[in-house]
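Structure first, commentary second.
Note that these values count all heavy atoms, side chains included, but never hydrogens, waters or copies made by symmetry. Starting from 1, each residue takes its place in the sequence as its number.
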Amino acid sequence: MSDEVVTARPIRSSKIAWTASAVVLVAFIVTALVMKHANAGASFDDKDQFGTVVIGIVLAGLLIMPTRPRLVADRDGLRLRAFLGGWRTVPWELVVRVDFPSKLRFARIVLPGEEALAIYAVQRLDKESSVATMAALRSLWSQTHPQA
């Protein structure tokens, strides 16, 4: 038996999210800086500029949410974090199978009663990384389910 630890996080969607977040933030800051001068006859003051920057910060923060998902798995079980909320721990004893259906964007674990729990950290977009992570997860699952 190994002391293998499998970790995963979204790679390509994280890069896209950080880039989009930066673009939106820069766009709102530039808009705030030029709104007093290029206003087409409207009247803007410092509060409007401040509000525009704050909205840009909020939107940029929302755009980095795809960077949050994580997976940490070892012999005891899986720890999952999704886009919102905290960590969820699932012991291997509850996991019926680990799969990545061809029509889904995310991997998943299947619990008793065919209840599925998405693993948002393992995404089809990451290709080779997802394949390696799924192989390691299946290896851990088979170590904890020798009768399967």
Side-chain angles (χ1 to χ4, degrees), residues 1-35 42 44 46-148:
M1 301 286 172
S2 69
D3 292 330
E4 182 180 10
V5 176
V6 178
T7 59
R9 65 179 187 80
I11 298 169
R12 291 191 178 154
S13 63
S14 291
K15 291 177 184 178
I16 293 167
W18 281 111
T19 303
S21 177
V23 167
V24 165
L25 184 59
V26 167
F28 273 81
I29 289 173
V30 168
T31 301
L33 291 174
V34 301
M35 74 183 345
F44 295 110
D46 295 337
K47 292 178 195 172
D48 298 317
Q49 288 179 301
F50 179 74
T52 301
V53 171
V54 169
I55 290 171
I57 291 170
V58 169
L59 290 176
L62 289 172
L63 284 171
I64 61 170
M65 285 180 63
T67 66
R68 281 190 41 89
R70 295 285 187 275
L71 163 73
V72 178
D74 58 16
R75 293 260 313 134
D76 298 325
L78 299 100
R79 290 187 60 221
L80 306 166
R81 186 172 73 184
F83 298 106
L84 293 173
W87 289 90
R88 173 183 276 179
T89 303
V90 180
W92 282 113
E93 294 81 33
L94 291 178
V95 178
V96 175
R97 70 179 182 274
V98 179
D99 64 356
F100 202 156
S102 61
K103 294 184 180 184
L104 296 182
R105 181 176 170 198
F106 306 108
R108 67 182 185 174
I109 55 174
V110 179
L111 305 175
E114 292 299 312
E115 180 182 351
L117 190 58
I119 306 173
Y120 295 111
V122 183
Q123 301 181 5
R124 186 162 308 286
L125 192 60
D126 293 332
K127 297 178 182 170
E128 297 84 16
S129 172
S130 295
V131 170
T133 300
M134 287 303 293
L137 275 178
R138 287 181 175 133
S139 171
L140 275 174
W141 184 83
S142 66
Q143 290 173 19
T144 59
H145 293 78
Q147 72 280 6

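- Applying the salt bridge (Lys or Arg N to Asp or Glu O under 4.0 Å) criterion to R108, with sequence neighbours excluded, gives D99.
- Side-chain contact check for V34 versus F44: every heavy-atom pair is 4.5 Å or farther apart.
- Note that CG of D48 is 5.5 Å distant from CE of M35, once rounded to the nearest 0.5 Å.
- Listed by chain and residue number, nothing satisfies the salt bridge (Lys or Arg N to Asp or Glu O under 4.0 Å) test with R12 (two or more places apart in sequence, or in another chain).
- Across all non-hydrogen atoms, the minimal contact from A73 to L137 is CB-CD2, 3.6 Å.
- In this structure L33 satisfies the side chain to side chain contact (heavy atoms under 4.5 Å, CB included) test together with I29, sequence neighbours excluded.
- For W18, the CH2 atom sits in a loose shell: 12 or fewer heavy atoms of surrounding residues, nucleotides or ligands are nearer than 6.0 Å.
- The heavy-atom pair separating V53 from A32 by the smallest distance is CG2-CB, 3.6 Å.
- Under the salt bridge (Lys or Arg N to Asp or Glu O under 4.0 Å) criterion, E114 pairs with R97, sequence neighbours left out.
- With sequence neighbours left out, the side-chain hydrogen bond (donor to acceptor under 3.5 Å, both in side chains) criterion links S13 to Q123.
- Legend: residues meeting side chain to side chain contact (heavy atoms under 4.5 Å, CB included) with A107, ordered by chain and number and at least two apart, are F100, I119, V122, M134.
- Side-chain N or O atoms of W141 include none that pairs as donor or acceptor with a backbone N or O of V98 at under 3.5 Å.
- Partners of R68 according to the side chain to side chain contact (heavy atoms under 4.5 Å, CB included) rule, which considers only residues two or more places apart in sequence or in another chain, are R81.
- For the salt bridge (Lys or Arg N to Asp or Glu O under 4.0 Å) test, no residue two or more places apart in sequence or in another chain qualifies with D76.
- Side chains of M65 and L84 form a contact here, defined as non-hydrogen atoms less than 4.5 Å apart.
- Contact detail for A60 and S21: the closest heavy-atom pair is O-OG, 2.9 Å.
- Side-chain contact between L78 and L117 is absent, with no heavy atoms from C-beta onward closer than 4.5 Å.
- Screening residues 115-143 for salt bridge (Lys or Arg N to Asp or Glu O under 4.0 Å), with sequence neighbours left out, gives no hits.
- Considering all non-hydrogen atoms of both residues, F28 and I55 come closest at CE2-CG2, 3.6 Å.
- When all heavy atoms of T133 and A8 are compared, the closest pair comes out as CG2-CB, 3.8 Å.
- In this structure, the side chains of V90 and L111 come closer than 4.5 Å at one or more pairs of heavy atoms.
- Partners of P112 according to the side chain to side chain contact (heavy atoms under 4.5 Å, CB included) rule, which considers only residues two or more places apart in sequence or in another chain, are V96.
- Without hydrogens or angle criteria, W92 side chain to D74 main chain gives a donor-acceptor distance under 3.5 Å.
- Screening residues 58-89 for ring pair (Phe, Tyr, Trp, His ring centres under 6.0 Å) gives F83-Y120 as the qualifying pairs, with residues at least two apart or on separate chains.
- When atom types are taken as modelled, the side chain of T31 and the backbone of A27 share a donor-acceptor pair closer than 3.5 angstrom.
- Contact between A136 and E4 at its shortest, heavy atoms only, is CB-OE2, 3.5 Å.
- A salt bridge (Lys or Arg N to Asp or Glu O under 4.0 Å) check over residues 54-67, counting only residues at least two apart or in different chains, returns nothing.
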